[in-house]
Amino acid sequence: MFDFLTDPAAMGKAIVWFAALCTLGLYTILYRENVVFRFFEHIFLGLATGYAIYATWNDVLRPRWWTPMVAEGRWWWAFALSAGLLFYLIYSKRYSWMSRLIFAVFFGFAAGQAFQFFASTYFPLIRSAINNPVVGVPVPTAINNLLFIVILVSVMTYFFFSFEQRGGVARVSRMGRYLLMFAFGAIFGSTIMARMSLLIGRVFFLLDTWIRQTILGGA
Amino acid sequence: MGFFDRLQNIDRRVLYLLLILAVGLPLIFSAPVPAPAVLPPTRSFYDTVEALANDPVRRNKLVILSANFSSSTAAESLTQTDTVMRHLMRRKLKFAIFDFVDPQGRELAQQTAEKLQNQYGYVYGRDYVNWGYRPVGAAVPTVKAMVRDIPAAIGRDITNTPLTEIPVMEGVKGVNDIAAVIEVTGSASLPVWIGYFQRTGREPVPTLFCTTAVQGPEAFPLLKSGQLQGMLVGLQGAAEYEVLLKEPGFATRGSASLSYAHFLILALIILGNVSMLLSRSRSSGSGTGGTR
Amino acid sequence: MEHATWPARIVLIVFSAIIVAAVLSAQRGRKLFIRRIPGLTAIDEAVGRATEMGRPILSSVGLGGIDIITLQALAIISSVAQTAARYGNRVLLPIADPVVLPVAEDALREAYTAAGRSDIFHAEDVSFLSERQFAYAAGVAGIINREKPASLFLFGTFFAESLIIAENGNRIGAIQVAGTPSTTQIPFFIASCDYVIIGDEFYAATAYLTRQPTLLGSLVGQDIVKGILLALVVLGVLLLSFGQPAVFNFFEDKNLALMQYFRKMPGTGG
Amino acid sequence: MFRPVQGPAVWGYIIGALVASGVIFFLLTLIPGRFRKPLIALITFLAGLFYALEFFWPTGRDDTNFLTPFIDPAGQMAQVLQAFALGLGVYSLVSVHLRSIARQRSGWGFSVVLFAALFAIAISGLLNAYRPNRYNQNVFNFFFVGGLQALDSTMFSIIAFYIVSAAYRAFRIRSVEATILLSSAFIVMLGQVALGQALTNWLPAEGFGANLRVENIRTWILTRVNSPAVLAVDFGLGMGALATALRLWLSLERGSYFDREL
């Protein structure tokens with residue numbers, strides 16, 4: 001009865017059909033909210049959580065915790081379970097403060113790592129920002145470099161908060177805001193390409209993989 | 001409501017329909033578009049891989065292919081993975097798939113490798129390995145640990161085999177045995193490599209970036225500062241790479257749809273503005289005022 | 001760098017000391033000034049409109065885990081909720097991170113209690129949807145279309161789902177106020193929302209709204225550090241222009257060698 | 001003490017460790033309220049100090065210091081602990097939808113659908129991991145490739161539609177800011193697709209005229225105008241992140257979450 005489950009061709013078709021229905025089901029929201037969308041929305045929420053359970057066990061807990069603890073005899077990993085259970089005390093009125101202990105470890109880790117992150121990330125950026133000499137280079141380069149500094153200074157000026165911005169500072173700051181808008185426009189334009197690529201991927205799936213190959217049986 | 005007012009406020013469902021046509025029709029009827037111009041970040045990506053393959057020492061090291069994406073950006077990320085992996089395989093560079101953003105990444109990259117391996121004579125374990133997925137919350141500690149001891153930091157591959165028993169991992173200990181990092185991502189995962197791995201060895205590890213078009217603009221400062229040696233931006237970047245490899249694939253095909261979709265938006269913007277200006281001049285002429 | 005170099009130690013220690021000193025002095029009661037962020041008035045306007053229309057308010061703190069951005073976003077949402085509670089209005093808050101959920105539920109309950117309306121607070125208005133980005137987006141889009149909120153407040157860490165949420169909000173005609181430090185999403189909020197708080201302003205907005213000395217002090221410290229950084233960059237450029245690379249070399253970096261290596265390689269196209 | 005144990009004896013040790021944890025838990029419950037916050041602050045500080053010291057402490061010739069060997073175990077511990085947190089989300093999702101089914105609230109059928117999907121993919125995934133065969137692989141792929149991957153990429157691609165309506169509506173020359181936004185977006189869009197690039201490919205590919213090619217104008221905008229602006233925002237956010245880290249590390253943070261009585 002379940003023979004089709006081991007037949008790669010039949011299974012391939014089933015997967016394509018399911019994927020096509022999921023795709024069209026979600027797209028119906030573009031027309032308006034409806035029962036079909038709501039159905040697939042809940043399938044989506046369920047699959048997402050179910051998959052997270054599977055992947056967390058298979059990729060993390062099994063190889064990094066269970067196997068070392070049970071098969072390799074590193075019994076002290078049992079303490080990790082107890083520590084992990086502290087998270088759940090957040091739902092207890094009486095012991096919820098203990099969940100802060102485990103949050104504290106993660107807050108602390110994140111804070112401690114910030115120094116290395118800052119140095120590794122911003123030192124090269126600062127250096128490259130300085131590497132814009134405006135004298136002793138060809139004129140077009142000098143203009144570009146000057147522009148770089150002017151933009152950097154004006155945008156950063158916009159983001160000073162601890163004093164009232166008046167007069168010349170206000171003018172630089174307003175220019176900074178305009179330059180920001182220019183940059184945001186560029187980001188918007190670039191992003192259009194990204195989103196269109198994804199849509200092309202989906203439409204290609206519907207037209208080629210689903211309609212042409214699976215329904216029409218074309219090669 | 002006048003004609004121009006209506007052109008200013010086209011129902012969004014009409015826009016959506018036009019978009020489907022602009023994207024779909026070129027896929028059905030292969031519409032002619034010129035080949036894309038290869039931009040400098042793409043070229044230096046290609047040149048860096050070539051340089052690695054031509055270097056007698058570096059070509060024997062391992063490339064980390066960091067598949068930090070999910071199927072949601074597959075149209076961009078997977079196409080990039082496909083074309084870059086072809087290049088690695090063509091130049092016989094060994095690589096390890098790794099992933100700390102979404103477990104789908106290592107799965108999708110693995111599928112791509114299995115699809116391509118026969119064509120290029122690659123064998124799992126001998127020429128490439130898949131280290132699997134580690135949760136994003138642990139990414140930084142894991143990558144920091146990899147600097148000194150990759151087999152210990154990663155432990156086992158996706159088949160639950162210890163890395164020390166996998167042939168391709170022979171002689172691979174830490175950061176100094178890594179030829180390059182290729183980060184394929186749709187999220188903000190690149191800083192992990194830049195911040196905690198790239199400059200921890202005897203010499204810096206070349207880092208190549210396959211990113212979605214969204215994140216492209218943000219990464220340009222990193223090219224200038226030398227933290228990135230090359231970058232593919234979005235589907236268009238993959239199409240440019242296909243031009244360099246002379247192997248047209250999905251990216252080249254999608255390039256036409258990309259062009260028409262862009263022109264649709266440009267046309268709509270012009271239409272919206274022109275009709276706004278026209279209806280404005282009308283209504284001020286008729287004396288009703290109050291235009292917005 | 002795997003370990004600190006001397007310049008890194010100096011810069012990090014000086015910067016850290018300035019920020020900590022500013023925070024401590026603010027906590028000891030030093031009065032600090034923060035300029036007003038345009039767009040904050042919009043918050044009251046949007047709450048007021050929801051009340052007039054008798055429809056709920058929908059807010060989101062984005063996809064971030066329990067970090068400072070999310071906690072600051074929650075502080076803004078609680079202040080929105082307090083105003084809303086005074087008018088007897090509901091605030092819906094779908095959540096993406098499981099760890100944020102109990103914290104958010106608490107924050108809203110407190111806000112309603114503070115306004116004296118704990119009777120109209122429903123714990124289920126703060127609900128977990130999914131950790132997965134687009135499952136969350138699909139869930140929020142569904143809620144927006146079913147509940148038809150009159151205003152949306154989107155504060156926190158956002159990624160691509162920003163536009164899915166904001167366009168669905170725009171379609172049902174809601175007033176939308178957004179604020180995020182995620183640079184790539186700001187353009188989309190600008191296109192779809194009525195008021196947007198940009199980048200760094202996000203930190204300033206919380207400080208301005210909550211008037212917490214810690215945040216005000218930190219903001220002043222950040223301003224000083226940013227000023228120093230800007231001065232260093234400008235000084236560095238000037239010195240470099242006149243052949244003096246002292247500041248430039250201070251921010252030494254192994255990458256330069258790497259760039260030169262690849263320039264010399266054959267076939268790299270110069 | 002911390003040596004691997006072989007054979008079934010390991011279970012004895014594991015149970016022992018769990019019992020020890022229970023004792024530690026009991027000791028924690030004895031801590032009076034006023035010592036709780038300092039304890040949490042201390043743990044935060046120590047956890048942060050580990051990474052901070054490892055970074056700042058001078059290193060020997062092999063570029064390591066006395067803390068470097070502990071980086072790897074810390075990494076593994078972080079991975080495992082983070083994984084345990086997933087249950088929080090599962091718990092809240094399950095409880096909300098179980099309640100909706102139990103009370104037969106409107107739309108409770110959708111909650112049933114949600115559970116079916118959740119169990120289907122989790123069970124088939126685990127089956128496939130422990131008993132890999134073609135049958136299990138196919139069932140898992142059905143839900144993973146056919147379902148989750150398709151839904152994920154569809155929801156992401158839906159943004160393409162929204163971006164069109166947003167651009168059409170927002171890109172009007174109404175104000176200075178909107179006009180600036182529009183013009184840079186317009187040029188970038190033209191320069192990034194082959195058809196747009198074709199508009200100026202009659203210009204020379206080299207020399208001064210090449211600067212006016214639309215793809216080069218786009219690159220110029222992205223590298224020379226966009227990058228310093230983004231860099232400026234980044235510098236601000238970077239200082240904010242450093243300040244945030246310091247406030248957290250030293251437990252200087254105040255506000256409702258941090259001020260609450262414990």
Side-chain angles (χ1 to χ4, degrees), chain A residues 5-6 11 15 18-19 22-23 26 42-47 49-51 53-54 56 58 60-61 64-65 73-75 78 80 82 84 87 97 100 104-105 107-109 111-116 118 122 144 148 151-152 155-156 159 179 181-183 185-186 188-189 193 195-196 198-199 202, chain D residues 4-6 10 13-14 17 21 36 40 43-44 47-48 51-52 55 79-81 83-86 110 113-114 117-118 121-122 125 129 134-135 138 142 145-148 150-151 154 156-157 159-160 163 177 180-181 184-185 188-189 192 221 224 226 228-229 232 236 238 242 245 248-249 262:
Chain A
L5 283 174
T6 46
M11 207 54 213
I15 288 176
F18 187 35
C22 289
T23 307
L26 285 188
H42 283 81
I43 293 226
F44 196 178
L45 291 171
L47 286 179
T49 303
Y51 184 71
I53 295 172
Y54 150 74
T56 304
N58 193 55
V60 189
L61 289 180
R64 306 250 66 188
W65 178 67
R74 297 172 212 274
W75 53 272
S82 318
F87 276 119
W97 73 272
R100 299 270 178 111
V105 173
F107 280 160
F109 274 6
Q113 289 157 356
F115 298 106
Q116 185 188 357
F118 186 90
Y122 289 100
N144 268 332
F148 190 97
I151 295 174
L152 185 79
V155 176
M156 277 188 82
F159 286 116
L179 286 162
M181 290 303 147
F182 196 80
F188 197 110
M193 186 163 89
R195 306 304 185 232
M196 290 308 149
L198 302 174
L199 180 63
R202 264 359 260 162
Chain D
V5 180
Q6 294 310 321
V10 72
Y13 280 84
I14 291 172
S21 311
R36 289 172 184 173
I40 290 163
I43 290 182
T44 314
Y51 278 107
F55 178 64
Q79 287 177 22
V80 171
L81 289 182
F84 281 122
L86 176 73
F110 293 111
V113 169
L114 186 147
L118 190 155
I121 196 167
R134 194 147 13 108
Y135 176 89
N138 280 338
F142 179 78
V145 180
L148 191 56
L151 290 165
T154 302
F156 203 167
S157 73
I159 303 174
I163 222 169
E177 287 187 10
I180 294 174
L181 202 68
S184 66
V188 167
M189 282 171 66
Q192 71 195 359
I221 289 179
R224 305 307 311 188
N226 195 51
L242 182 67
L248 265 184
W249 185 34
L262 295 178

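Quantities reported herein were computed from a predicted structural model and do not represent experimental measurements. Each chain gets a letter, A, B and so on, in the order the sequences are listed, and its residues count up from 1.
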### Summary
If you tally heavy-atom pairs under 4.5 Å between each of D:Ala245, D:Gly48, D:Ser184, D:Ala185 and chain A, the highest tally belongs to D:Ser184

### Contact origin within A:Phe148 toward chain D - heavy atom pairs under 4.5 Å
both

### Message
Need one label for D:Glu177: side chain, backbone, both or neither, based on atoms under 4.5 Å from any heavy atom in chain A.
### Response
both

### Query
Quick one: ring pair (Phe, Tyr, Trp, His ring centres under 6.0 Å) partners of A:Trp65, sequence neighbours excluded?
D:Phe84

### Between D:Ala232, D:Ala52, D:Ser21, D:Ala129, the one whose heavy-atom pairs under 4.5 Å with chain A are most numerous
D:Ala232

### Query
What part of A:Phe44 is in contact with chain D, defined as an atom under 4.5 angstrom from a non-hydrogen atom: side chain, backbone, both or neither?
both

### Query
Which answer fits A:Val60, side chain, backbone, both or neither, if we ask what part of it has an atom under 4.5 Å from a heavy atom of chain D?
side chain

### Task
Could you tell me which residues satisfy ring pair (Phe, Tyr, Trp, His ring centres under 6.0 Å) with A:Tyr51, sequence neighbours excluded, listed by chain and number?
A:Tyr54, D:Phe144

### Query
Quick one: what part of A:Arg202 sits under 4.5 Å from any heavy atom of chain D, side chain, backbone, both or neither?
side chain

### Summary
Bottom line for D:Leu81: the part with an atom under 4.5 Å from chain A's heavy atoms is both

### Query
Does any heavy atom of chain A fall under 4.5 Å from the side chain of D:Val10, the backbone, both, or neither of them?
both

#### Entry: D:Leu151 versus chain A, the contacting section by heavy-atom distance below 4.5 Å
both

#### Entry: Structural part of A:Asn144 lying under 4.5 Å from a heavy atom of chain D
both

### Summary
Separation between CG (D:Asn138) and CD1 (A:Ile15), nearest 0.5 Å, reads 6.5 Å

### Query
Top residue by heavy-atom pair count (under 4.5 Å) with chain A, among D:Gly146, D:Ala85, D:Ala229?
D:Gly146

